[in-house]
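Accompanying notes for the structure given below.
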Amino acid sequence: MRIATWNVNSIRSRIDRVEAWLQRTDVDVLAIQETKATDEKFPFDRFRALGYDVAHHGLNHWNGVAVVSRIGIDDIEPSFPDAPGWGEPPVVEARALTVSCGGIHLTSVYVPNGRNIADPHMDYKVAWLERLRARAAQRVAAGETAALLGDWNIAPQDDDVWSMEYYLDKSHVSPRERAAFQGFLDDGYVDVVRPHTPGPGVYTYWDYTQLAFQKRRGMRIDFIIGTPAFAARVEGAAIDREERKGKGASDHAPVVVQLAG
DNA sequence: ATGGTAGCCCTGCTA
(Lines give C-alpha, C1' and ligand atoms only; values in the text may rest on other atoms or scores of the structure.)
Protein backbone atom coordinates (compact mmCIF):
# COMPACT_ATOMS: atom_id res chain seq x y z
CA MET A 1 0.00 0.00 0.00
CA ARG A 2 1.23 3.47 -0.88
CA ILE A 3 0.28 6.61 1.10
CA ALA A 4 1.33 10.16 0.24
CA THR A 5 0.98 13.81 1.22
CA TRP A 6 1.17 16.91 -0.95
CA ASN A 7 0.57 20.60 -0.41
CA VAL A 8 -0.80 21.42 -3.88
CA ASN A 9 -1.25 25.21 -3.40
CA SER A 10 -4.76 25.29 -4.95
CA ILE A 11 -6.40 22.09 -6.14
CA ARG A 12 -8.11 23.82 -9.06
CA SER A 13 -4.88 25.21 -10.50
CA ARG A 14 -3.08 21.89 -9.89
CA ILE A 15 -5.71 19.29 -10.77
CA ASP A 16 -4.12 18.27 -14.09
CA ARG A 17 -0.77 17.68 -12.41
CA VAL A 18 -2.31 15.84 -9.45
CA GLU A 19 -4.31 13.60 -11.77
CA ALA A 20 -1.25 12.75 -13.88
CA TRP A 21 0.81 12.15 -10.74
CA LEU A 22 -1.74 9.73 -9.25
CA GLN A 23 -1.90 7.82 -12.51
CA ARG A 24 1.85 7.29 -12.73
CA THR A 25 2.73 6.77 -9.05
CA ASP A 26 0.27 4.05 -8.04
CA VAL A 27 -0.58 5.87 -4.79
CA ASP A 28 -3.58 4.47 -2.93
CA VAL A 29 -4.20 7.33 -0.52
CA LEU A 30 -3.18 10.98 -0.94
CA ALA A 31 -3.53 13.61 1.78
CA ILE A 32 -3.80 17.07 0.23
CA GLN A 33 -3.20 20.49 1.78
CA GLU A 34 -4.05 24.01 0.61
CA THR A 35 -6.95 23.07 -1.63
CA LYS A 36 -7.96 26.77 -1.41
CA ALA A 37 -11.55 25.83 -2.20
CA THR A 38 -15.01 25.21 -0.82
CA ASP A 39 -16.80 21.97 -1.69
CA GLU A 40 -18.65 23.86 -4.45
CA LYS A 41 -15.37 24.46 -6.27
CA PHE A 42 -13.54 21.24 -5.41
CA PRO A 43 -13.07 18.96 -8.46
CA PHE A 44 -14.63 15.83 -6.89
CA ASP A 45 -15.48 14.39 -10.32
CA ARG A 46 -11.88 14.38 -11.49
CA PHE A 47 -10.86 12.12 -8.59
CA ARG A 48 -13.91 9.89 -8.78
CA ALA A 49 -13.23 9.33 -12.48
CA LEU A 50 -9.83 7.92 -11.44
CA GLY A 51 -11.43 5.63 -8.86
CA TYR A 52 -10.68 7.68 -5.76
CA ASP A 53 -13.18 8.56 -3.04
CA VAL A 54 -12.79 12.08 -1.64
CA ALA A 55 -13.10 13.65 1.81
CA HIS A 56 -12.65 17.42 1.73
CA HIS A 57 -12.71 20.08 4.43
CA GLY A 58 -12.68 23.57 2.92
CA LEU A 59 -14.40 26.63 4.36
CA ASN A 60 -13.25 29.40 1.99
CA HIS A 61 -10.43 30.19 -0.42
CA TRP A 62 -7.76 29.82 2.27
CA ASN A 63 -6.27 26.60 3.66
CA GLY A 64 -8.41 23.54 2.87
CA VAL A 65 -7.42 19.89 3.42
CA ALA A 66 -8.50 16.65 1.81
CA VAL A 67 -7.85 12.92 1.57
CA VAL A 68 -8.45 10.95 -1.61
CA SER A 69 -8.41 7.17 -1.45
CA ARG A 70 -8.98 4.22 -3.75
CA ILE A 71 -9.22 1.79 -0.81
CA GLY A 72 -12.24 3.47 0.78
CA ILE A 73 -12.78 6.29 3.28
CA ASP A 74 -14.62 6.03 6.61
CA ASP A 75 -14.98 7.98 9.85
CA ILE A 76 -14.52 11.42 8.26
CA GLU A 77 -13.76 14.00 10.96
CA PRO A 78 -12.97 17.65 10.10
CA SER A 79 -10.56 19.52 12.43
CA PHE A 80 -10.00 18.16 15.97
CA PRO A 81 -11.40 18.80 19.47
CA ASP A 82 -10.90 22.33 20.82
CA ALA A 83 -8.92 23.47 17.78
CA PRO A 84 -7.87 27.11 18.33
CA GLY A 85 -9.23 29.70 15.90
CA TRP A 86 -7.65 32.70 14.20
CA GLY A 87 -8.92 36.28 13.94
CA GLU A 88 -11.27 38.44 15.96
CA PRO A 89 -13.52 36.78 16.82
CA PRO A 90 -11.46 33.57 16.50
CA VAL A 91 -12.59 31.32 13.66
CA VAL A 92 -11.48 27.69 13.40
CA GLU A 93 -9.84 27.22 10.01
CA ALA A 94 -9.87 24.23 7.63
CA ARG A 95 -6.44 22.90 8.57
CA ALA A 96 -7.01 19.28 9.63
CA LEU A 97 -9.08 16.33 8.47
CA THR A 98 -8.97 12.79 9.83
CA VAL A 99 -10.25 9.75 7.97
CA SER A 100 -9.88 5.99 8.14
CA CYS A 101 -8.58 4.10 5.10
CA GLY A 102 -8.21 0.34 5.29
CA GLY A 103 -8.10 0.50 9.08
CA ILE A 104 -5.41 3.22 9.12
CA HIS A 105 -6.28 6.57 10.72
CA LEU A 106 -4.86 9.40 8.64
CA THR A 107 -4.87 13.11 9.46
CA SER A 108 -4.15 15.60 6.67
CA VAL A 109 -2.60 18.59 8.45
CA TYR A 110 -1.85 22.12 7.32
CA VAL A 111 -0.11 23.74 10.29
CA PRO A 112 -0.46 27.55 10.60
CA ASN A 113 2.52 29.37 9.11
CA GLY A 114 3.48 31.47 12.13
CA ARG A 115 4.66 34.30 9.84
CA ASN A 116 7.27 35.76 12.23
CA ILE A 117 8.63 34.70 15.61
CA ALA A 118 6.98 37.69 17.38
CA ASP A 119 3.70 37.59 15.39
CA PRO A 120 0.41 36.61 17.09
CA HIS A 121 0.13 34.01 14.33
CA MET A 122 3.09 32.25 15.97
CA ASP A 123 1.16 31.94 19.24
CA TYR A 124 -1.75 30.56 17.22
CA LYS A 125 0.57 28.07 15.52
CA VAL A 126 1.95 26.75 18.81
CA ALA A 127 -1.47 26.56 20.49
CA TRP A 128 -2.90 24.78 17.45
CA LEU A 129 -0.10 22.20 17.57
CA GLU A 130 -0.59 21.66 21.30
CA ARG A 131 -4.27 20.80 20.79
CA LEU A 132 -3.52 18.57 17.80
CA ARG A 133 -0.87 16.82 19.90
CA ALA A 134 -3.38 16.10 22.67
CA ARG A 135 -5.66 14.32 20.20
CA ALA A 136 -2.77 12.56 18.49
CA ALA A 137 -1.43 11.24 21.80
CA GLN A 138 -4.73 9.45 22.39
CA ARG A 139 -4.15 7.47 19.21
CA VAL A 140 -0.77 6.23 20.43
CA ALA A 141 -2.29 5.27 23.78
CA ALA A 142 -5.08 3.41 21.99
CA GLY A 143 -2.56 1.46 19.94
CA GLU A 144 -3.99 2.78 16.68
CA THR A 145 -2.30 2.43 13.33
CA ALA A 146 -2.31 6.14 12.61
CA ALA A 147 -0.32 8.88 10.91
CA LEU A 148 -0.31 12.67 10.73
CA LEU A 149 0.81 13.82 7.32
CA GLY A 150 1.07 17.20 5.72
CA ASP A 151 2.68 20.62 5.71
CA TRP A 152 3.98 21.29 9.22
CA ASN A 153 5.64 24.64 8.44
CA ILE A 154 8.47 23.61 10.77
CA ALA A 155 12.04 22.60 9.95
CA PRO A 156 12.90 20.48 13.01
CA GLN A 157 16.64 20.14 12.40
CA ASP A 158 19.33 22.49 11.09
CA ASP A 159 19.82 20.07 8.18
CA ASP A 160 16.22 20.74 7.18
CA VAL A 161 16.98 24.20 5.79
CA TRP A 162 19.44 25.24 3.11
CA SER A 163 20.98 27.88 5.38
CA MET A 164 20.58 28.42 9.11
CA GLU A 165 22.13 31.86 8.69
CA TYR A 166 19.32 32.80 6.32
CA TYR A 167 16.60 31.54 8.66
CA LEU A 168 18.10 32.98 11.85
CA ASP A 169 15.31 34.72 13.79
CA LYS A 170 12.76 33.73 11.13
CA SER A 171 9.75 31.46 11.40
CA HIS A 172 9.95 27.63 10.94
CA VAL A 173 13.22 27.04 12.86
CA SER A 174 12.58 28.72 16.23
CA PRO A 175 12.97 26.73 19.48
CA ARG A 176 9.22 27.10 20.22
CA GLU A 177 8.20 25.55 16.92
CA ARG A 178 10.80 22.82 17.12
CA ALA A 179 9.68 21.97 20.65
CA ALA A 180 6.07 21.79 19.47
CA PHE A 181 7.06 19.30 16.76
CA GLN A 182 9.32 17.33 19.08
CA GLY A 183 6.34 16.86 21.41
CA PHE A 184 4.72 14.51 18.92
CA LEU A 185 7.91 12.44 18.76
CA ASP A 186 8.15 12.41 22.55
CA ASP A 187 4.64 10.94 22.61
CA GLY A 188 5.73 8.06 20.37
CA TYR A 189 5.28 9.30 16.81
CA VAL A 190 8.05 8.45 14.35
CA ASP A 191 9.24 10.33 11.25
CA VAL A 192 8.88 7.40 8.85
CA VAL A 193 10.36 9.23 5.85
CA ARG A 194 13.74 10.47 7.06
CA PRO A 195 15.37 7.02 7.44
CA HIS A 196 14.72 6.49 3.73
CA THR A 197 15.64 10.02 2.58
CA PRO A 198 18.76 11.03 4.53
CA GLY A 199 20.10 14.57 4.33
CA PRO A 200 21.61 17.03 4.24
CA GLY A 201 20.20 18.89 1.26
CA VAL A 202 16.96 16.89 1.11
CA TYR A 203 13.91 19.15 1.09
CA THR A 204 10.17 19.12 0.37
CA TYR A 205 9.54 22.84 -0.25
CA TRP A 206 11.21 25.54 -2.29
CA ASP A 207 10.06 29.16 -2.42
CA TYR A 208 8.72 30.32 -5.77
CA THR A 209 10.93 33.40 -5.69
CA GLN A 210 14.65 33.96 -6.28
CA LEU A 211 15.09 30.72 -8.29
CA ALA A 212 15.15 28.88 -4.95
CA PHE A 213 14.54 25.43 -6.48
CA GLN A 214 17.21 25.83 -9.14
CA LYS A 215 19.65 26.99 -6.45
CA ARG A 216 18.65 24.08 -4.19
CA ARG A 217 17.54 26.48 -1.48
CA GLY A 218 14.75 24.51 0.15
CA MET A 219 13.28 23.36 3.44
CA ARG A 220 12.06 20.00 4.75
CA ILE A 221 8.70 20.96 6.26
CA ASP A 222 6.35 18.25 4.94
CA PHE A 223 6.30 15.20 7.20
CA ILE A 224 4.62 11.86 7.66
CA ILE A 225 4.81 10.87 11.31
CA GLY A 226 3.19 7.65 12.46
CA THR A 227 2.33 5.76 15.60
CA PRO A 228 4.59 2.78 16.43
CA ALA A 229 2.02 0.46 14.82
CA PHE A 230 2.12 2.55 11.65
CA ALA A 231 5.91 2.87 11.63
CA ALA A 232 6.28 -0.90 11.92
CA ARG A 233 4.56 -1.29 8.55
CA VAL A 234 6.69 1.22 6.62
CA GLU A 235 9.00 -0.38 4.06
CA GLY A 236 10.21 2.68 2.20
CA ALA A 237 9.70 6.36 1.49
CA ALA A 238 10.52 9.00 -1.10
CA ILE A 239 10.26 12.71 -1.80
CA ASP A 240 9.19 13.28 -5.41
CA ARG A 241 11.48 16.19 -6.18
CA GLU A 242 10.79 15.82 -9.91
CA GLU A 243 7.25 17.07 -9.32
CA ARG A 244 8.62 20.49 -8.24
CA LYS A 245 10.04 21.00 -11.74
CA GLY A 246 8.55 22.82 -14.68
CA LYS A 247 5.76 25.28 -15.30
CA GLY A 248 2.71 24.99 -13.08
CA ALA A 249 4.41 23.13 -10.19
CA SER A 250 3.35 23.51 -6.58
CA ASP A 251 6.01 24.97 -4.32
CA HIS A 252 5.88 21.66 -2.37
CA ALA A 253 6.91 18.19 -3.55
CA PRO A 254 4.84 15.08 -2.77
CA VAL A 255 6.09 12.75 -0.02
CA VAL A 256 5.32 9.03 -0.32
CA VAL A 257 5.55 6.04 2.02
CA GLN A 258 5.35 2.38 1.06
CA LEU A 259 3.57 0.16 3.59
CA ALA A 260 3.59 -3.61 3.89
CA GLY A 261 0.33 -5.29 2.94
C1' DA B 1 17.91 45.42 -0.86
C1' DT B 2 10.17 44.13 2.39
C1' DG B 3 12.58 42.54 -3.23
C1' DG B 4 11.00 38.13 -5.58
C1' DT B 5 6.52 34.59 -7.48
C1' DA B 6 2.16 32.39 -7.23
C1' DG B 7 -2.83 31.94 -6.03
C1' DC B 8 -7.30 33.65 -4.47
C1' DC B 9 -13.15 36.17 -3.54
C1' DC B 10 -8.96 40.56 -8.79
C1' DT B 11 -6.71 43.14 -5.10
C1' DG B 12 -4.64 43.25 -0.97
C1' DC B 13 -3.64 39.35 1.65
C1' DT B 14 -1.33 34.91 2.35
C1' DA B 15 2.53 32.09 1.84
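Below, chain A is the first sequence line, B the second, and so on; all start at residue 1. Hydrogens, waters and symmetry mates play no part in the numbers below; they use all other heavy atoms, side chains included.
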Q.
Taking the basic N atoms (NZ, or NE/NH1/NH2) and the acidic carboxylate oxygens, is any pair closer than 4.0 Å for A:Arg178 and A:Asp160?
A. no
Q.
Rounded to whole Å, how long is the line connecting atom OH of A:Tyr208 with atom P of B:dC8?
A. 10 Å
Q.
When you measure from the side-chain N and O atoms of A:Lys41 to the phosphate of B:dC9, is any distance below 4.0 Å, counting only OP1 and OP2?
A. yes
Q: Figure out the NZ/P separation between A:Lys36 and B:dC8, and round it to whole Å.
A: 7 Å
**Q.** First encountered from the 5' end of DNA chain B, between A:Arg115 and A:Ser10
**A.** A:Ser10
Q) So what does A:Arg95 touch, heavy atoms closer than 4.0 Å: a base, only the sugar-phosphate, or nothing? A) sugar-phosphate
Q.
Work out how far the C1' atom of B:dA1 is from that of B:dT14, and round it to whole angstrom.
A. 22 Å
Q: Between B:dG7 and B:dT11, how far apart are the C1' atoms? Round to whole Å, please.
A: 12 Å
Q | Length of the line joining A:Asp151:CG and B:dT14:P, which is rounded to integer Å | A | 17 Å
Q. For A:Arg14 and B:dA6, is the shortest distance between a side-chain N/O and OP1 or OP2 below 4.0 Å?
A. no
Q. Hey, which of these two, A:His61 or A:His252, hits DNA chain B nearer its 5' end, going by closest nucleotide?
A. A:His61
Q. With sugar-phosphate meaning primed atoms plus P, OP1 and OP2, does A:Asn60 contact a base, only sugar-phosphate, or nothing at under 4.0 Å between heavy atoms?
A. base
Q) Any side-chain donor paired with an acceptor under 3.5 Å for A:Lys36 and A:Asn63? A) no
Q.
Both conditions, 6.0 Å and 45 degrees, for the charged tip of A:Arg95 above the ring of A:Tyr110: are they met here?
A. yes
Q.
Rounded to whole Å, how long is the line connecting atom OH of A:Tyr166 with atom P of B:dT2?
A. 11 Å
Q: Using atom CZ of A:Arg17 as one end and atom C1' of B:dA6 as the other, report the distance to the nearest whole Å.
A: 13 Å
Q: Answer with yes or no whether the side chains of A:Tyr124 and A:Glu93 bring together a donor and an acceptor at under 3.5 Å.
A: yes
Q) Given atom NZ of A:Lys215 and atom P of B:dG4, what is their separation to the nearest angstrom? A) 13 Å
Q: May I have the distance from A:Asn63 (atom CG) to B:dC9 (atom P), rounded to whole angstrom?
A: 14 Å
Q: Would you indicate which nucleotide in B:dG7, B:dT5, B:dA15 comes nearest to any side-chain atom of A:His121?
A: B:dA15
Q: Using a heavy-atom cut-off of under 4.0 Å over every strand shown, decide if A:Lys247 touches base, sugar-phosphate, or nothing.
A: nothing
Q: Using the P atoms only, state how far B:dC9 lies from B:dT5, rounded to an integer number of Å.
A: 22 Å
Q: Scan A:Tyr110 against the nucleic acid and name what it touches under 4.0 Å (heavy atoms): base, sugar-phosphate only, or nothing.
A: sugar-phosphate
**Q.** Gap between atoms CG and P, on A:Asn9 and B:dA6 respectively (whole Å)
**A.** 10 Å
Q: Determine whether the side chains of A:Asp151 and A:Trp6 contain a donor N or O and an acceptor N or O closer than 3.5 Å.
A: no
